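One structure is given here, and the rest of the page talks about it.
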Amino acid sequence: MNERSAAPGALALVESLVNTLDVETGADALDTREGRDRLGIAESGLEQARELRESLRAALLAHAGHRPHREVTPLGALLSGAPLYVAVDERDGSAGFAAPAAGSPLLTRVAAAVAEALVAGTWNRLKACEAETCHWAYYDRSPAGRGRWCSMQVCGARAKMRRYRAKEG
């Protein structure tokens with residue numbers, strides 16, 4: 001839906017997962033085998049992936065200053081079950097999160113992405129569009145970090161037109 005470039009680093013996974021659902025049309029990419037395969041989701045993990053997606057959406061709405069779109073399992077509760085491993089270089093003592101192994105469960109990969117983004121200071125820049133018919137995830141690259149819509153040409157223009165018409169009427 002948006003013309004923005006993908007979120008940096010592992011946040012692209014979070015952005016991709018949230019954007020598997022088109023809120024306006026109800027089309028869900030996780031309904032298709034290709035959509036699930038793209039994110040490494042087995043059919044048996046579909047409900048957990050959807051629960052995670054909506055908890056992430058609620059967190060991204062909070063980043064933009066908005067209430068959750070609906071009642072969801074708190075993201076922290078979901079991520080608390082994911083193992084994260086800290087790797088320490090024996091030569092210089094530097095530390096970082098170990099990348100999850102290929103084929104790791106989605107929850108582990110998302111937890112690692114969130115942890116990486118926290119360390120990088122980018123987590124709060126991943127937001128959900130404030131338009132109620134959208135809630136698409138986007139990475140806010142605006143200097144002040146006050147972006148509101150996934151697309152100024154679509155969601156932003158619609159919101160501005162609604163405000164203009166409300167003043168006229």
Side-chain angles (χ1 to χ4, degrees), residues 1-84 97 99-118 122-141 147-159 161-162:
M1 165 159 283
N2 76 56
E3 67 281 350
R4 295 174 185 259
S5 55
L11 275 182
L13 169 66
V14 175
E15 183 179 48
S16 292
L17 175 59
V18 172
N19 291 344
T20 57
L21 177 67
D22 183 328
V23 173
E24 189 170 23
T25 67
D28 188 345
L30 299 182
D31 287 340
T32 68
R33 182 182 183 128
E34 298 83 40
R36 291 188 302 274
D37 287 351
R38 189 170 50 85
L39 293 167
I41 300 169
E43 194 161 350
S44 62
L46 187 55
E47 288 310 308
Q48 293 167 330
R50 286 187 171 129
E51 179 182 35
L52 179 58
R53 174 182 67 197
E54 297 313 312
S55 293
L56 285 163
R57 188 183 317 279
L60 302 187
L61 282 165
H63 289 172
H66 301 289
R67 299 177 55 80
H69 58 302
R70 63 183 176 94
E71 192 171 321
V72 298
T73 303
L75 182 58
L78 292 176
L79 296 181
S80 69
L84 287 180
F97 292 103
S104 291
L106 179 64
L107 181 65
T108 300
R109 292 182 286 134
V110 166
V114 171
E116 177 186 302
L118 283 171
T122 57
W123 171 239
N124 288 334
R125 289 266 181 165
L126 190 61
K127 300 178 180 182
C129 182
E130 74 175 40
E132 288 185 18
T133 58
C134 183
H135 295 318
W136 201 254
Y138 68 95
Y139 189 77
D140 183 0
R141 287 182 166 80
R148 300 171 63 186
W149 302 287
C150 65
S151 168
M152 196 56 214
Q153 288 72 29
V154 180
C155 293
R158 288 177 183 169
M161 185 55 72
R162 277 192 297 276

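Given the structure is predicted, the values throughout are model-derived calculations rather than measurements.
The two atoms that bring Arg141 and Pro8 nearest to each other are NH2-CD, 3.9 Å, heavy atoms only. The shortest heavy-atom contact between Ile41 and Ala49 is CD1-CB, 3.7 Å. Contact record, Arg125 with Tyr139: CB-CE1, 3.4 Å, taken as the closest heavy-atom pair. Of all the heavy atoms in Val18 and Arg57, the pair that sits closest is O-NH2, 3.1 Å. The heavy-atom pair separating Glu116 from Ala10 by the smallest distance is OE2-N, 3.3 Å. Smallest separation of non-hydrogen atoms from Leu75 and Ala59: CD2-CB, 3.8 Å.
Residues Leu30 and Leu39 are in side-chain contact: their nearest non-hydrogen atoms beyond the backbone lie under 4.5 Å apart. Considering only heavy atoms from C-beta on, Val72 stays 4.5 Å or farther from Glu51 through its side chain.
For the residue pair His69 / Glu54, a side-chain donor-acceptor distance below 3.5 Å is found, with atom types taken as modelled.
Looking at Glu15, its side chain does come within 3.5 Å of a backbone N or O of Ala7 through a donor-acceptor pair. Using a distance-only test at 3.5 Å, with no hydrogens or angles considered, no donor-acceptor pair links the side chain of Thr108 to the main chain of Ala82. One N or O on the side chain of His63 and one on the backbone of Trp123 form a donor-acceptor pair closer than 3.5 Å. Side chain of His66 to main chain of Glu130: no donor-acceptor pair is present (N/O by atom type, distance under 3.5 Å, no hydrogens or angles). Between the side chain of Asn19 and the backbone N or O of Ala137, at least one donor-acceptor pair lies under 3.5 Å.
Atoms CG and CG, on Leu126 and Leu60 in that order, are 4.5 Å from each other to the nearest 0.5 Å. From Leu61, atom CG reaches atom NE2 of His135 across 5.0 Å, with rounding to the nearest 0.5 Å. Put simply, CG on Leu118 and CG on Leu11 are 9.0 Å apart, with the number rounded to the nearest 0.5 Å. Expressed to the nearest 0.5 Å, how far CG of Leu79 lies from CG of Leu52 amounts to 6.5 Å. Of the inter-residue distances, the one linking Asn124 atom CG with Asp140 atom CG reads 10.5 Å to the nearest 0.5 angstrom. With values rounded to the nearest 0.5 angstrom, Arg38 atom CZ is found 9.0 Å from Leu17 atom CG.
Every residue meeting the side-chain contact (heavy atoms from CB on, under 4.5 Å) condition with Arg109, not counting sequence neighbours, appears here in chain and number order: Leu13, Pro100, Ser104, Leu106.
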*For Thr133 and Val23, run side chain to side chain contact (heavy atoms under 4.5 Å, CB included): C-alpha distance rounded to whole Å, both residues' side-chain angles, the deciding distance at 0.1 Å, then the answer.*
CA-CA 6 Å; Thr133 58; Val23 173; 5.6 Å; no
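The pair Arg36-Asp28 fails the salt-bridge criterion, with no side-chain N (NZ, NE, NH1 or NH2) lying under 4.0 Å from an Asp/Glu carboxylate O.
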